[in-house]
Amino acid sequence: MKKILATVLAICIGMSMLAGCGSQQGSETPSAPADSAAQSEAPAEQPADKPALKVGMVCNAKTIDDKSFNQATWAGITRAAEDFGIETKYLIAADQSAAGFLQEIANLYDAGFRMIITPGYTFSKAIFDAQKIYPDCKFVILDSAPQDDGAEAPEIAANTAAIDYAAQESGFVAGFACALQLKEGEFGALFGQEIPPTKLFKTGFQQGVIYANENFGTNIKMKEENFVWSGSFSDAALGQQITAQLFNSGCNLVYCACGTTALGGFNEAKARAEKGEEVWVVGCDVDQYEDGLLEDGRSVTLTSTMKNLANSTYDIIKAELDGEFVGGQQIIFDAKNGGVGIPETNPNLSDEVQKEADAVLEKIKTGEIVVSAEPTDVSAYN
């Protein structure tokens, strides 16, 4: 078993924020909370005749500091740069399509970058093509795998590593904790595009709420029509509009899992909380407690569903430097190996709820609780 897999098993939950870019570019690290699980290691020495590694990133957001998936990925890259002395660069594609992403990959390749990291399902087609066009370049795709349009299965070349996450498990823990904390009410959700990774968050969250209802006496309602697909990961105005509609329909909590679009949901919740309403949001991909902060120091963020983005990015770069790149296969980060979960500290959860949430996470790790990846029927909880 390659060393990176052993590293995966040793990872502790705790992520950093990420970011990525194309027609725009940069090499500065955006302001973001430090990764509490970061382990500083001695830089990997490279043979004198081997050129220094240059690691590039293309992002599927319009900004590097999206306070979500892209920012966390970039945080892992910049930490690797600090520890290993590698050169890094991100590009933001003006054209957010497979063709646009492929163009930015070409730009990085032409500039000498031989390891390129892409965060998200939307890169599946671009990486499927790029891994064949540039066989001497190493590619990393997070939260997905290379796949041709219309193909039934992914195709991972030897120069590509596909890192995926059991998002349904972190969704389960968050849904359970929120139900246990609030005890009653109606939950809704704001999602981005209807793609496999986001579907996992949705079904896991719903299963966690149901588990609390059936085993802990909570009374949380869920209507399928209140789990809304916005179709965008980068439209905060749309996110605020949909979140307002959900709160107006009677929801007291909205799970926001849609990149920058989610920031509109946070803004709506904060505006209502400032007026005295008791409404809550759940963050996604990284700890978004600070995104929910009010002027008086309170936060509307009850918890967040997290993926270990920064650490998994850092580890795959280190593996390449050590000559142990895990190409041609998919690596799954789940609760058992510390790849997913909720923040270790959740100020808006009581000590008792945090204890119960930790116990549920442990049961998922041991297999006592198995979280399905299949869609959940919530019709009994309307």
Side-chain angles (χ1 to χ4, degrees), residues 1-20 35 37-44 46 50 52-60 69-90 105 108-109 113-121 123-124 126-127 130-131 134 136-146 154 156-166 197 285-286 306-334 337-340:
M1 183 73 65
K2 303 248 184 191
K3 253 186 212 176
I4 188 171
L5 297 182
T7 303
V8 166
L9 295 176
I11 290 175
C12 297
I13 294 174
M15 310 181 191
S16 295
M17 303 287 172
L18 53 79
D35 189 334
Q39 294 294 323
S40 184
E41 302 188 42
Q46 298 191 48
K50 185 177 181 180
L53 181 65
K54 299 174 71 172
V55 179
M57 173 182 165
V58 181
C59 71
N60 60 354
F69 214 82
N70 290 274
Q71 190 170 327
T73 301
W74 183 242
I77 295 173
T78 54
R79 179 155 60 88
E82 293 172 359
D83 286 357
F84 308 132
I86 61 175
E87 182 178 340
T88 63
K89 185 177 185 177
Y90 66 81
I105 288 171
L108 286 170
Y109 183 87
F113 288 82
R114 292 298 180 265
M115 187 174 195
I116 298 174
I117 298 173
T118 57
Y121 178 85
F123 287 98
S124 298
I127 297 302
Q131 65 187 359
Y134 309 107
D136 62 330
C137 184
K138 300 292 175 62
F139 293 97
V140 180
I141 180 169
L142 303 175
D143 218 27
S144 189
I156 309 172
N159 61 325
T160 298
I163 297 176
D164 214 341
Y165 302 86
D285 291 331
V286 295
M306 297 175 60
K307 295 177 179 177
N308 200 341
L309 297 161
N311 278 354
S312 50
T313 301
Y314 178 95
D315 285 344
I316 199 72
I317 293 172
K318 184 177 186 302
E320 168 63 7
L321 291 170
D322 291 341
E324 297 173 350
F325 182 80
V326 185
Q329 61 181 285
Q330 193 168 38
I331 305 167
I332 304 296
F333 282 70
D334 56 16
N337 59 37
V340 298

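None of these values were measured; they are calculated from a predicted model.
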Hey, could you give me the [atom1]/[atom2] distance between [X] and [Y], rounded to the nearest 0.5 Å?
| X | Y | atom1 | atom2 | answer |
| --- | --- | --- | --- | --- |
| Ile317 | Arg79 | CD1 | CZ | 9.5 Å |
| Asp143 | Phe333 | CG | CZ | 12.0 Å |
| Leu142 | Phe123 | CG | CZ | 9.5 Å |
| Asp285 | Asn308 | CG | CG | 12.0 Å |
| Lys138 | Glu320 | NZ | CD | 3.5 Å |
| Ile332 | Tyr165 | CD1 | OH | 10.0 Å |

Looking at side-chain heavy atoms only, is the closest gap between [X] and [Y] below 4.5 Å?
| X | Y | value |
| --- | --- | --- |
| Leu53 | Leu321 | yes |
| Arg114 | Tyr109 | yes |
| Ile127 | Ile105 | yes |
| Asp83 | Tyr314 | yes |

Check [X] against [Y] and note the closest heavy-atom contact, atom names and distance.
| X | Y | answer |
| --- | --- | --- |
| Leu108 | Met57 | CD1-N, 3.8 Å |
| Thr78 | Ala75 | OG1-O, 3.0 Å |
| Phe113 | Thr88 | CE2-C, 4.0 Å |
| Ile86 | Ala81 | CG1-CA, 3.5 Å |
| Ile316 | Ala161 | CD1-CB, 4.0 Å |
| Phe139 | Phe325 | O-CZ, 3.6 Å |

* Asked: For Gln330, what residues pass the side-chain hydrogen bond (donor to acceptor under 3.5 Å, both in side chains) criterion, not counting sequence neighbours?
  ->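 Per chain and number, Gln330 pairs via side-chain hydrogen bond (donor to acceptor under 3.5 Å, both in side chains) with Asp164.
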
* Does Thr160 reach the main-chain N or O of Ile156 with its side chain, forming a donor-acceptor pair under 3.5 Å? ->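 Flag not set: sc Thr160 to bb Ile156 has no pair under 3.5 Å.
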
* Asked: Between the side chain of Asp334 and the main-chain N/O of Asn337, is any donor-acceptor distance below 3.5 Å?
  ->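 A pair under 3.5 Å: yes.
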
